[in-house]
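Please read the structure below before turning to the comments.
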Amino acid sequence: MRGFLTRFRNCVRRRPTQAMSDQNIFAAVLDKIRAANTALIKDGALPFGIDQSRIVVEPPRESAHGDMATNAAMVLAKDAGAKPRVLAEAIAAKLRSDDLVAKAEVAGPGFINLTLKPKAWIGALRAVLAAGANYGRSNVGGGSVVNVEYVSANPTGPMHVGHCRGAVFGDALANLLAFTGFAVTREYYINDAGAQVDALARSAFLRYRQALGEDIGPIPEGLYPGDYLKPVGAELATEYSAALRSKLEAEWLPLVRHRAIEMMMGQIRNDLLALKVVHDVFFSERSLLEGPRDQVSELIAALRRAGYVYEGRLPPPKGAPVEDWEDREQTLFRATAFGDDVDRPLMKSDGSYTYFASDIAYHKNKVDRGFRSMIDVWGADHGGYVKRVQAAVSAVRAITNTPTADLDVKIVQLVKLLRSGEPVKMSKRAGEFVTLREVVDEVGKDPVRFMMLYRKNDASLDFDLAKVIEQSRDNPVFYVQYGHARGQSVFRNAREVLAQLPAEPAPRASLLAGAPLERLEDAGELALMRRLALYPRLIEAAALAHEPHRIAFYLYDLASDFHAQWNRGKDASYLRFIIQNDPQITMARLALVQGVVTVLASGLGLLGVEAPDEMR
RNA sequence: GCGCUCGUAGCUCAGCUGGAUAGAGCACCAGACUUCGAAUCUGGGGGUCGGGGGUUCGAAUCCCUCCGAGCGCGCCA
């Protein structure tokens, strides 16, 4: 891969459905609103069959507006031929009789603001305690199969820092999708065909000769100079001794190439493992060409039959002048028929296929394997490639008659590596990259993973090696992990009052579920319960939008609420979680802490970050 | 020149696929605490959401157009 970053993958777009209302209180309230509307239809206040799909229930920005707000009246008003505020009042009147609703007020242009009774939030906490690690799990995915392709770094060298972000992003997104009911396949596309791996083979061959004692001098231009190929050379020397040296390149190259790629991929997998990034499938580009069938030729033939391939000429590129531009007729994919800016070549001048040709075949292969939803995670330097692959997928849709096949390409922006605010120097030209391994070894996988996800994927990111291991509030990784550790510390201390408190989460949660939760009436406690209640909704939205960063921000907010409540106990000792002479309130508060800890652990788990029992 | 991604507080960034008076952290200001219920806490000031048009009940969010930044621009992957 040429760029500093590599390619990755992303994508499906799906409407939120009626969710599991036992966990998701917003979905439960939406059901109540629909029921109210049904009653209004019976009353004749709303027409039969009115479209309710645009109704949403969401937390208002302004907490003074209550616990949740709905736009129901505003989206129904037009079809109902009623004024939004009048309709809102009618719906609100129905809702007021609901057991969980404390207040239903009409506001602004026709919002209905709802305030729920504390028992609603206590119910939410009970749901957390009952579900444990499964709290937030959903089935919006409905078991549909999704392919998430990420990393896919060229097997020509070790992974460098630029690969971190896509790797972590893809991995966390896959976790998130699996958690929300998608059948996820995590895939790595190995670019093991083409000129670059031949260059790798030649470089490795030099190292092989070197390992046999030859003086190879400087590594020629165009080959890979890195020391990381020395072990490959040594391995080849052990395996073949001098046998390869006398062979022609055509003979040794495939052998050396195969062995070198194998060893590079071994190292890459190893490095990924250090970041806790895993894949289910490593898909070889070469297998498309050299498998039982030549899938690339087949594909081009199929596209040609459909009229999407032709022989023609391309205008020279504008802007940056291309030195050896040669105007010639070539085999082109009619990408412009699918929204791309220009038609794209499928064959090089030497008669071999372009990378793009393989890539179309690769995406068709995914569709053939049953994936209707494909997500590609790529580095920003491949942004210019998106349109043509989207065009390719459109063509694949057409020739395979699979209208539902969908590709979402997620672009992750550059990561700027800093140390205490100063850019970390690396010389691209000399091949001096900071490797992924070096970074993980220096700061640990958790800071890398969390910080890579504590930003929207398409925003660029500064990663400061010094700041991410700081133990202070300024460091979100620490702040969130400390929240979890602090919760555990409360449990440890609580044994002074409740000697029987189990150390294991599940039995502890079930014991605490029996606590008198109605005694949780402090504003901070209610705020925490509200925050916990948001989690299932947040998870679903993050999954559907393919945006795992939302989890990281949510966790920060939750940890922040939790630390705040803890701190209130410093000034107001009656608010402490552990009250020596009142085991009942202690139990109730421990239940709340259990809820917090459960959700922190769940969210961190999705991000692939540890939830430690103590900070060391 | 074209395309893609961005542009939100002094700085770093959120803003839940169009909702109400746009949020958080840092920094700044003012208080509190003098400590293992440690790895600070509470409150406050601070904004033409890059500019200008448009769409509609309603726009940071969608469309158009400028400005600015990053990335990319046959036969590399």
Side-chain angles (χ1 to χ4, degrees), chain A residues 1-7 13 16 56 58-62 64-65 69 71 74 77-78 83-84 107-111 113 152-154 156 191 193-197 285 313-320 322 324-328 330-332 340-356 358-359 379-387 411 413-414 454-456 458-462 470-474 476 478-479 482 486 489-490 493 534 537-538 540-542 544-545 547 549-550 552-554 556-557 560 563-564 566-571 573 576-578 615:
Chain A
M1 184 128 317
R2 148 207 58 178
F4 181 60
L5 288 181
T6 190
R7 22 182 337 204
R13 214 142 279 254
V56 296
E58 54 191 6
R61 279 190 199 156
E62 203 58 49
H65 292 152
N71 62 353
M74 290 182 289
K78 201 169 184 182
K83 290 187 173 172
F111 286 101
N113 291 331
S152 300
N154 277 352
T156 52
N191 303 130
Q196 295 187 8
V197 285
E285 178 187 359
R313 290 170 192 281
L314 238 36
K318 305 259 162 71
V322 178
D324 50 354
W325 169 259
E326 167 199 358
D327 187 22
R328 66 177 181 90
Q330 50 188 338
T331 304
L332 298 169
D340 200 357
D341 310 309
V342 63
D343 291 338
R344 305 291 178 176
L346 296 172
M347 309 272 269
K348 303 183 207 169
S349 56
D350 67 359
S352 63
Y353 298 116
T354 58
Y355 174 80
F356 180 54
S358 303
D359 217 10
D381 53 347
H382 290 72
Y385 195 70
V386 175
K387 272 193 181 181
I411 296 294
Q413 280 294 338
L414 291 182
Y454 196 62
R455 187 121 316 175
K456 210 164 34 179
D458 52 17
S460 61
L461 159 62
D462 291 350
E470 233 170 60
Q471 300 217 336
S472 76
R473 180 175 186 155
D474 307 355
F478 169 77
Y479 197 63
Y482 181 41
R486 181 170 259 179
S489 148
V490 172
N493 293 332
L534 287 174
R537 181 179 181 274
L538 170 107
E540 240 176 55
L544 294 170
E547 294 186 351
H549 76 274
R550 293 189 197 182
F553 282 95
Y554 169 85
Y556 183 85
D557 289 340
S560 178
H563 289 307
W566 167 283
N567 286 315
R568 280 182 201 110
K570 276 164 78 173
D571 292 336
S573 60
R576 292 183 175 202
F577 297 121
I578 300 167
M615 302 306 288

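Within every chain, numbering begins at 1; the chains are lettered A, B, ... in the order of the sequence lines, protein sequences first and strands thereafter.
Contact check for M347(A) versus Y353(A): side-chain heavy atoms found under the 4.5 Å cut-off. For the pair V56(A) and N71(A), the minimum side-chain heavy-atom distance is below 4.5 Å. For the pair R473(A) and S560(A), the minimum side-chain heavy-atom distance is below 4.5 Å. Annotation: side chain of N191(A) is not in contact with side chain of V197(A) (no heavy-atom distance under 4.5 Å).
Here A69(A) lies in heavy-atom contact (under 4.0 Å) with a base. If you check every strand for non-hydrogen atoms under 4.0 Å, P345(A) touches sugar and phosphate atoms only. Contacts of R576(A) with the nucleic acid, taken as non-hydrogen atoms under 4.0 Å apart, include base atoms. Contact annotation for D557(A): no contact, since no heavy-atom pair falls under 4.0 Å across all strands. Nucleic acid contact class of P59(A) (heavy atoms, under 4.0 Å, all strands): base. Contact annotation for A541(A): backbone-only contact, meaning every heavy-atom pair under 4.0 Å involves sugar-phosphate atoms and none involves a base.
Across the strands present, rC28(B) finds its partner in rG44(B); the criterion is a Watson-Crick or G-U wobble pair with both atom distances under 3.5 angstrom. The partner of rU21(B) cannot be assigned: no Watson-Crick or G-U wobble pair with both contacts below 3.5 Å exists in any strand. Pairing for rA9(B) is absent, judged as Watson-Crick or G-U wobble with the two contacts each under 3.5 Å. The pairing partner recorded for rG1(B) is rC73(B), the criterion being a Watson-Crick or G-U wobble arrangement whose two distances lie under 3.5 angstrom.
The side chain of R473(A) lies closest to rC26(B) when the candidates are rC26(B), rG15(B), rA20(B). Comparing atom distances between the D381(A) side chain and each of rA77(B), rC57(B), rG72(B) picks out rG72(B) as nearest. Which of rG70(B), rC4(B), rA14(B) sits closest to the side chain of L414(A) comes down to rG70(B). Considering only the side chain of N191(A), rA77(B) comes nearest among rC16(B), rA77(B), rA14(B). Looking at the side chain of Q196(A), the nearest of the listed nucleotides rC16(B), rC76(B), rA20(B) is rC76(B). Of the listed nucleotides (rG72(B), rA14(B), rG37(B)), rG37(B) has the atom at the smallest distance from the side chain of I578(A). Side chain of N567(A), nearest nucleotide from rC41(B), rC75(B), rC16(B): rC41(B). When each of rA14(B), rG3(B), rU40(B) is scored by its nearest atom to the side-chain atoms of K570(A), the top-ranked nucleotide is rU40(B). Nearest to the side-chain atoms of E285(A) among the listed nucleotides rA77(B), rU5(B), rG15(B) stands rA77(B). The side chain of Q413(A) approaches rU5(B) more closely than any other nucleotide in the set rC26(B), rU5(B), rG3(B).
Remark: ring of Y556(A) does not overlap the six-membered base ring of rA24(B) in a stacked fashion, as centroids less than 5.5 Å apart with planes less than 30° apart are not both met.
When the C1' atom is compared between rA20(B) and rG15(B), the two are found 15 Å apart, to the nearest whole Å. rC71(B) and rU17(B) have their C1' atoms separated by 25 Å, given to the nearest Å. Annotation: rG7(B) and rC62(B) have their P atoms spaced 10 Å apart (nearest Å). The C1' atoms of rG44(B) and rU48(B) are separated by 24 Å, rounded to the nearest whole Å. Nucleotides rU40(B) and rC49(B) have their P atoms positioned 35 Å apart, rounded to a whole Å. Here the separation of rC63(B) from rU5(B), taken at their P atoms, is 10 Å to the nearest Å. The gap from the P atom of rU56(B) to that of rG51(B) amounts to 23 Å, rounded to the nearest Å. As rounded to the nearest Å, rC75(B) and rA69(B) have P atoms that lie 27 Å from one another.
If you take CG of L346(A) and P of rA77(B), they are 13 Å apart, rounded to a whole angstrom. The interatomic distance linking D458(A) (CG) with rC6(B) (P) rounds to 4 Å, in whole Å. Between the CD atom of E58(A) and the P atom of rC16(B) there is a distance of 9 Å, given to the nearest Å. rA38(B) atom C1' lies 12 Å from atom CG of N493(A), rounded to whole Å. Straight-line distance from the NE2 atom of H382(A) to the C1' atom of rC71(B): 11 Å, rounded to whole Å. One can place CD of E470(A) at 13 Å from C1' of rG25(B), the figure rounded to the nearest angstrom. Rounded to a whole Å, the CG atom of D571(A) is 16 Å from the P atom of rU40(B). The nearest whole Å value for the distance from the CE atom in M347(A) to the P atom in rC76(B) is 13 Å.
A donor and an acceptor atom never sit less than 3.5 Å apart when one is taken from the side chain of R568(A) and the other from the base of rC41(B).
Classification of the F356(A)-Y385(A) ring pair by plane angle, with boundaries at 30° and 60°, yields perpendicular.
Each of S349(A) and M615(A) was matched to the nucleotide of RNA chain B holding its nearest heavy atom; the match closer to the 5' end belongs to M615(A). Each of G569(A) and F111(A) lies near RNA chain B, and the nucleotide nearest F111(A) is the one positioned closer to the 5' end.
Proximity of K348(A) to the phosphate of rA77(B): a side-chain N or O atom is located under 4.0 Å from OP1 or OP2. Within the 4.0 Å cut-off from OP1 or OP2 of rA38(B), not a single side-chain nitrogen or oxygen of H563(A) is found. Dashed line: the shortest gap from a side-chain N or O of R455(A) to OP1 or OP2 of rC13(B) is under 4.0 Å. Under 4.0 angstrom from either OP1 or OP2 of rG15(B) there lies at least one side-chain N or O belonging to K456(A).
Rounded to the nearest 0.5 angstrom, T331(A) OG1 and K348(A) NZ are separated by 13.5 Å. Atoms CD and CG, from Q413(A) and D381(A) in turn, are 9.5 Å apart once rounded to the nearest 0.5 Å.
With hydrogens and angles left out, the side-chain atoms of T156(A) and Q196(A) include no donor and acceptor closer than 3.5 Å.
A distance-only check finds a donor-acceptor pair linking the side chain of H563(A) to the backbone of Y479(A) [under 3.5 Å].
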